[in-house]
Colleague: 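Take this structure, written in structure tokens, and hold onto it; I'll ask about it next.
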Amino acid sequence: MKSFQWSTLACLFAFTNAFITGASTISTDASSAIKKGRGVVSDELSKEELYRSFKATVEDYQNKAFSKLSKWKTLRQTSDGIEISILDPGKKNGAPYIRFKAEIPTSADKVYKFTGFSNWEQFMPIINPFYNSMKVVKEWPVGKAKVFLARKLSKRILYYGKRDFSLLSVVDTPPSRDDGILVSGTISVDTPGHIPRQKGFTRAHQDMVCFYKPLDKSRNGQDQMELTIILRTDLNDSVEEEGTGGYFPMGIVVKTLGITGPQAMRSLRRVLKKSP
């Protein structure tokens with residue numbers, strides 16, 4: 001784990017210097033927060049509306065993730081079957097989509113259980129060395145599902161300040177499946193009455209949606225699955241009315257994920273191989 005953390009820091013340091021000295025970056029407006037669309041909620045919305053908001057956003061991400069019409073550009077393709085790609089929504093539509101894809105030699109249900117929202121305290125440090133903590137602030141039942149509002153905190157990244165995220169998630173019981181594919185994730189929302197800004201942190205935005213697709217078993221009869229993660233991250237807070245800035249170049253985020261993404265997926269593979 002320590003080697004992953006140091007390699008991530010090294011990449012960030014190198015890309016930061018490159019960005020400052022004029023290296024080219026992706027054509028994405030660094031001052032734009034994620035276009036959260038349906039994900040922007042007020043404190044007056046009901047739990048049912050929160051549920052529908054989450055489901056609609058996840059459906060949009062699923063369409064982008066698997067549609068042949070989506071123009072994904074490969075950032076990195078590794079020899080061990082890991083692919084990191086990007087979908088640029090255009091300058092006026094917020095942060096780019098980053099897609100992580102990898103086959104994992106275990107069942108989709110096992111990966112879903114390990115990486116799902118309820119297990120983030122164990123899962124997130126494996127793929128994100130800057131993860132600090134997460135706390136559920138509100139929880140409501142909606143039918144057989146549960147709706148969660150949670151605060152996630154991240155550590156300082158070099159000389160960039162600590163980040164604070166306000167997140168919405170839905171956990172279905174039993175887990176919902178679309179054509180056999182399991183889904184979990186979180187999306188950024190604005191709910192100042194429930195999750196006000198954390199003092200000493202910059203409010204940032206991140207959507208992360210995971211898709212778990214069962215595959216045919218390997219030749220030795222072992223379970224196989226394909227994990228697809230769609231991530232949108234904007235670590236800036238300069239467009240909100242009460243925003244505090246917290247400038248973090250989008251180009252650094254994109255380039256760093258292109259390098260460290262495969263390392264994170266390999267770490268996840270190793271942990272899942274050892275877990276019962």
Colleague: Please find the pair of heavy atoms, one from K101 and one from M265, that lie closest to each other, and give the distance.
Modeller: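 Minimum heavy-atom contact is C-CE, 4.4 Å.
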Colleague: With D172, which residues qualify under side-chain contact (heavy atoms from CB on, under 4.5 Å), at least two apart?
Modeller: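 Testing D172 for side-chain contact (heavy atoms from CB on, under 4.5 Å), a comparison that skips the adjacent residues, returns Y51, K55, A145, V170, S176.
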Colleague: Any side-chain heavy atom of P262 within less than 4.5 Å of one from R266?
Modeller: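 Yes, side chains in contact.
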Colleague: Please give me the minimum heavy-atom distance between V58 and F211, naming the atom from each residue.
Modeller: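 Scanning both residues, the minimum pair turns out to be O-CZ, 4.2 Å.
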Colleague: Let's go through T186 and D207 carefully: what are the C-alpha distance in whole Å and the side-chain angles of both, what is the deciding distance for side chain to side chain contact (heavy atoms under 4.5 Å, CB included) to 0.1 Å, and is it a yes or a no?
Modeller: CA-CA 6 Å; T186 60; D207 296 350; over 6 Å; no
Colleague: Can you tell whether the side chains of K64 and D60 come within less than 4.0 Å, N to carboxylate O?
Modeller: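 Judged by the 4.0 Å cut-off on N to carboxylate O distance, K64 and D60 do form a salt bridge.
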Colleague: Under a 4.5 Å cut-off applied to non-hydrogen side-chain atoms, are F100 and L231 in contact?
Modeller: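 Yes, at least one pair of side-chain atoms sits under 4.5 Å.
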Colleague: Give the cluster check for F114 versus L215: same hydrophobic cluster or not, with ILVMFWY residues linked at side-chain heavy-atom distances below 4.5 Å.
Modeller: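 Cluster IDs for F114 and L215 differ.
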Colleague: Let's go through S46 and E49 carefully: what are the C-alpha distance in whole Å and the side-chain angles of both, what is the deciding distance for side-chain hydrogen bond (donor to acceptor under 3.5 Å, both in side chains) to 0.1 Å, and is it a yes or a no?
Modeller: CA-CA 5 Å; S46 68; E49 289 170 313; 3.3 Å; yes
Colleague: So, are E139 and K146 salt-bridged, with charged N and O less than 4.0 Å apart?
Modeller: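 K146 and E139: salt-bridged.
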Colleague: So, taking the atom named CZ in R203 and the one named CG in L235, what distance separates them when rounded to the nearest 0.5 Å?
Modeller: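 It comes to 13.0 Å.
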Colleague: Could you go through T191 and S166, starting from their C-alpha distance and side-chain angles, then the distance that decides it, and tell me whether this counts as side chain to side chain contact (heavy atoms under 4.5 Å, CB included)?
Modeller: CA-CA 7 Å; T191 56; S166 172; 3.6 Å; yes
Colleague: Are K162 and F201 in a cation-pi contact, defined as NZ or CZ under 6.0 Å from the six-membered ring centre and within 45° of the axis?
Modeller: yes
Colleague: Say whether, by atom type as modelled, one donor and one acceptor occur between the side chain of R232 and the main chain of Y97 under 3.5 angstrom.
Modeller: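 Answer holds: no.
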Colleague: Do the non-hydrogen side-chain atoms of H205 and T233 ever get within less than 4.5 Å of each other?
Modeller: no
Colleague: Which heavy atom of K152 sits nearest to which heavy atom of L167, and what is that distance?
Modeller: CB-CD1, 3.9 Å
Colleague: For residues Y61 and I187, determine if any side-chain heavy atom of one lies less than 4.5 Å from a side-chain heavy atom of the other.
Modeller: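 Y61 does not reach I187 side chain to side chain.
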Colleague: For R269 and D80, what are the C-alpha separation, side-chain angles and deciding distance, and is it a salt bridge (charged side-chain N to carboxylate O under 4.0 Å, His left out)?
Modeller: CA-CA 11 Å; R269 278 175 174 169; D80 56 346; 3.4 Å; yes
Colleague: Which pair of heavy atoms, one from K47 and one from P141, lies closest together, and at what distance?
Modeller: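 Heavy-atom minimum between the residues: NZ-O, 3.2 Å.
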Colleague: So do V209 and I229 actually touch side chain to side chain, heavy atoms under 4.5 Å?
Modeller: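 The answer is no; the side chains never approach within 4.5 Å.
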Colleague: CG/N132 to CZ/R151 distance, rounded to the nearest 0.5 angstrom?
Modeller: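 Nearest 0.5 Å value for the CG-CZ distance: 11.5 Å.
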Colleague: Hey, what do you get for CD1 (I104) to CG (L227), rounding to the nearest 0.5 Å?
Modeller: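 These two atoms lie 5.0 Å from each other.
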Colleague: Any donor and acceptor pair, going by atom type alone, linking the side chain of E121 with main-chain N or O of M134 inside 3.5 Å?
Modeller: yes
Colleague: With a 4.5 Å cut-off on side-chain heavy atoms, are P89 and P96 touching?
Modeller: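 The answer is yes; the side chains approach within 4.5 Å.
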Colleague: Walk me through whether L268 and T115 qualify under side chain to side chain contact (heavy atoms under 4.5 Å, CB included).
Modeller: CA-CA 9 Å; L268 181 59; T115 61; 4.1 Å; yes
Colleague: Which of parallel (below 30°), tilted (30 to 60°) and perpendicular (above 60°) describes F148 and F117?
Modeller: tilted
Colleague: Can you confirm whether Y212 sits close enough to C210 that some side-chain heavy atom of one is under 4.5 Å from a side-chain heavy atom of the other?
Modeller: yes
Colleague: Could you grab the distance from atom OG of S107 to atom NZ of K110, nearest 0.5 Å is fine?
Modeller: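 Here the interatomic distance stands at 7.0 Å.
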Colleague: How many angstroms lie between CG in D190 and CZ in R197, if you round to the nearest 0.5 Å?
Modeller: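 Atom-to-atom, D190:CG and R197:CZ are 7.5 Å apart.
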Colleague: Identify the two heavy atoms, one from P175 and one from L182, that lie closest to each other, and give their separation to 0.1 Å.
Modeller: CB-CD2, 3.5 Å
Colleague: Output yes when D88 and K73 qualify as a salt bridge under the 4.0 Å nitrogen-oxygen rule, no when they do not.
Modeller: no
Colleague: Apply side chain to side chain contact (heavy atoms under 4.5 Å, CB included) to residues I98 and I84 and explain how you reach the verdict.
Modeller: CA-CA 7 Å; I98 307 295; I84 313 297; 4.0 Å; yes
Colleague: Whether the side chain of R99 engages the backbone of T228 through a donor-acceptor N/O pair (distance < 3.5 Å, no angle test) should be reported.
Modeller: no
Colleague: What closest approach, in Å, do A204 and R163 show between heavy atoms, and which atom pair accounts for it?
Modeller: CB-CG, 3.4 Å
Colleague: If I take atom CG from residue L75 and atom CD from residue E83, how far apart are they, to the nearest 0.5 angstrom?
Modeller: 9.5 Å
Colleague: Verify, without hydrogens or angle tests, whether T74 (side chain) and R76 (backbone) share a donor-acceptor contact under 3.5 angstrom.
Modeller: no
Colleague: If you define the side chain from C-beta out and look only at heavy atoms, does anything of K113 sit under 4.5 Å from V111?
Modeller: no
